[in-house]
2 protein chains.
Amino acid sequence: MDGFSRVAKHTFRSRIADTLRDAILSGNIEPGSQLVETALAEQFGVSRGPLREAIRQLIEEGILETVPYTGTYVIDITVKDVDEIYSIRRNLETFAFEQLWDRRGEGFRNELLRRHEALTATIDAGDDKASILAELSFHGAVYEATGHSFLLRIWQSLRGRLQLYWAAHHRAHGIRGPRRDGHDAYLRLALGDDLAAMRGEIESHMRRGAEQTKAFLDGREPRPGRRA
Amino acid sequence: MDGFSRVAKHTFRSRIADTLRDAILSGNIEPGSQLVETALAEQFGVSRGPLREAIRQLIEEGILETVPYTGTYVIDITVKDVDEIYSIRRNLETFAFEQLWDRRGEGFRNELLRRHEALTATIDAGDDKASILAELSFHGAVYEATGHSFLLRIWQSLRGRLQLYWAAHHRAHGIRGPRRDGHDAYLRLALGDDLAAMRGEIESHMRRGAEQTKAFLDGREPRPGRRA
DNA sequence: GTGTCGTCGATTGTTGACAATCGATCACCA
DNA sequence: TGGTGATCGATTGTCAACAATCGACGACAC
């Protein structure tokens, strides 16, 4: 009697949180913009109660912030954040491979290959939004394979930020950065036998990513913003 | 016109979240036990609205979990969690020192010394509860000094877990593990010039910590619990 | 002009009542 | 005896109204 995933409990809160998160991370709601509860509640067709709980959840996830009695805002993107995200990501992804290295099996190999194919497919199809998700899914396979639930938890929060940055980048420039062969070396080394080389690849991979993202941020004119 | 911290906005939610978190992490509320909203709301003298939002926040912090329409429970402690926490903590604390190493200044040195003295003072005084917080504060100084806000954020979530474990350990055995000189080598190396030695110290420090905590967990009889 | 104070609309914070769901219990029946 | 379904208390989920607070605007005094 296995193979059945539990039926999804549907509470308004959880669905609202998912929908809102998706709208923010995909860039449909602009970073820095304000959310007003009454308007959102009406849009979703629910009262403010569950909506507020969903908002509270997203605040804790780090993609919203609120000032009491004043307003709730989508977080904005800063260069410092990008630096931090990539630096810690390099560290964590290296850690993930160290944990994983001697336990990589057929399952891991197949899953990584599968997701890499999915990634190149979205790039070939020119579907930029899908390619963002596919790239995150590709890297996510590594974290999932470790079986390390805390590591996975941390990755998921970083993942949100990355999605936000890349979506903003894409919205601004219309094109995505990664080339079709951007993960070939990564994939080959991840399935190979040279951990030190894999470490090096992660390092350069992250440096490239950080540079690209920061170049985009430096280039854009500072938005009016509500901050001093 | 500096030196004034912003006046604390007092919303019920934030105060409830703080109080509840403290009660859970310090062990006043037993791991695994159920929280019922109506009872808590009455205790705090507020309605269920703000209380639910506080709970939502603590769920997102990972110290509560909820099953829709059924109940809200304090997370329980497992051996796997301990292993994961210490393994990732070793990694992060090493990362913190790498980030920090060449930028350590007088401020860092003084702060670390200060907190180390505070730690030994609580141990000398036999104040076990305070020594738990002091030890967390001592290690926290390293993360704070990096100026890396994401790293700090992650540390704070790990910190909560550690506090929970140590408090449970203390409640069960009445005594705390760490000896008075448990951090002498750590402190000396953290202020020294040998990063490789510091790495080694972190490694053995974490191994000791994990062993102690796991020994406690293995030793306790499995509690009835609501899980299969 | 310049600074101060009060007013007002907008927004979030809080409340108490009501609805939906879950899990245990128990009667019932094959 | 085993299992099936109904009932019920407990708990969380949701709602709509009300309260508190903030920030902007403008009148007013100097």
Side-chain angles (χ1 to χ4, degrees), chain A residues 1 4-21 24 29-30 32-61 63-75 224-228, chain B residues 1 4-21 24 29-30 32-61 63-75 224-228:
Chain A
M1 194 64 171
F4 287 90
S5 60
R6 310 188 66 138
V7 292
K9 309 285 172 81
H10 65 296
T11 62
F12 285 160
R13 173 188 59 242
S14 64
R15 286 193 310 196
I16 291 173
D18 291 343
T19 308
L20 247 189
R21 185 191 302 109
I24 294 170
I29 301 179
E30 194 102 352
S33 60
Q34 182 176 10
L35 300 182
V36 319
E37 295 177 359
T38 48
L40 274 180
E42 190 162 3
Q43 272 191 291
F44 282 111
V46 299
S47 76
R48 283 176 54 218
L51 181 84
R52 281 174 63 85
E53 294 182 12
I55 286 180
R56 186 64 30 198
Q57 183 172 334
L58 298 185
I59 288 171
E60 212 59 26
E61 290 179 16
I63 66 179
L64 290 180
E65 47 190 5
T66 188
V67 184
Y69 292 105
T70 306
T72 305
Y73 305 87
V74 179
I75 57 158
R226 58 192 186 76
R227 305 282 186 128
Chain B
M1 192 66 169
F4 287 91
S5 60
R6 311 188 67 136
V7 293
K9 309 285 171 81
H10 64 296
T11 61
F12 286 160
R13 173 187 60 242
S14 63
R15 286 193 309 196
I16 291 173
D18 291 343
T19 309
L20 246 188
R21 186 191 302 108
I24 293 170
I29 301 179
E30 193 104 353
S33 59
Q34 182 176 8
L35 300 182
V36 316
E37 295 177 0
T38 48
L40 274 181
E42 190 162 3
Q43 274 191 290
F44 282 111
V46 298
S47 74
R48 283 176 53 218
L51 181 82
R52 281 174 63 85
E53 294 182 12
I55 286 180
R56 186 63 32 196
Q57 183 172 333
L58 298 185
I59 288 171
E60 212 58 27
E61 290 179 16
I63 66 180
L64 290 180
E65 48 189 4
T66 188
V67 184
Y69 292 107
T70 306
T72 305
Y73 305 87
V74 179
I75 56 157
R226 59 193 183 76
R227 304 282 185 129

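By convention in this document, chain letters (A, B, ...) are assigned in the order of the sequence lines, proteins followed by strands, and residues within each chain are numbered from 1.
Using a 4.0 Å heavy-atom distance criterion, R13(B) is classed as a sugar-phosphate-only contact. Note on P50(A): only backbone sugar-phosphate atoms sit closer than 4.0 angstrom, heavy atoms only; bases stay farther off.
The side chain to side chain contact (heavy atoms under 4.5 Å, CB included) test applied to T70(A) returns V67(A), Y73(A), not counting sequence neighbours. Not counting sequence neighbours, the partners of E60(A) by the side chain to side chain contact (heavy atoms under 4.5 Å, CB included) test are Q57(B), E60(B), E61(B). Applying the side chain to side chain contact (heavy atoms under 4.5 Å, CB included) test to F44(B) and every residue at least two apart in sequence or in another chain returns I16(B), T19(B), L20(B), L40(B), V46(B), L51(B). With sequence neighbours excluded, the residues forming a side-chain hydrogen bond (donor to acceptor under 3.5 Å, both in side chains) with E37(B) are R48(B), R52(B), listed by chain and number. Qualifying side chain to side chain contact (heavy atoms under 4.5 Å, CB included) partners for S14(B), counting only residues two or more places apart in sequence or in other chains: T11(B).
When each of Q34(B) and F12(A) is assigned the nucleotide of DNA chain D with its nearest heavy atom, Q34(B) is the one assigned upstream, toward the 5' end.
Between the CZ atom of R52(B) and the P atom of dG16(C) there is a distance of 16 Å, rounded to whole Å. Atom CD of E42(B) and atom C1' of dT11(D) are 15 Å apart (whole Å). Note: CD (E37(B)) to C1' (dG13(D)) measures 8 Å, nearest angstrom. One can place CD of E53(A) at 13 Å from P of dT14(C), the figure rounded to the nearest angstrom. Distance CD (Q57(B)) to P (dG13(C)): 12 Å, rounded to an integer number of Å. Look at CG on L64(B): it is 11 Å from P on dT12(D), rounded to the nearest Å. The CG-P distance, from L51(B) to dG13(C), rounds to 16 Å in whole Å. Separating the CG atom of L35(A) from the P atom of dT12(C) is a distance of 9 Å, rounded to the nearest angstrom.
Across I29(B), I55(B), I75(B), a single residue satisfies side-chain contact (heavy atoms from CB on, under 4.5 Å) together with L64(B), and that is I55(B).
Closest to the side chain of T72(B), from the set dC15(D), dT12(C), dT12(D), is dT12(D).
To the nearest 0.5 Å, the span separating CD on Q34(A) from OG1 on T72(A) amounts to 7.5 Å.
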Please enumerate all protein N or O atoms sitting under 3.5 Å from an N or O of nucleotides 16-22 of chain D, with distances to 0.1 Å.
unit_1, atom_1, unit_2, atom_2, d
dC22(D), O3', T70(A), OG1, 3.4

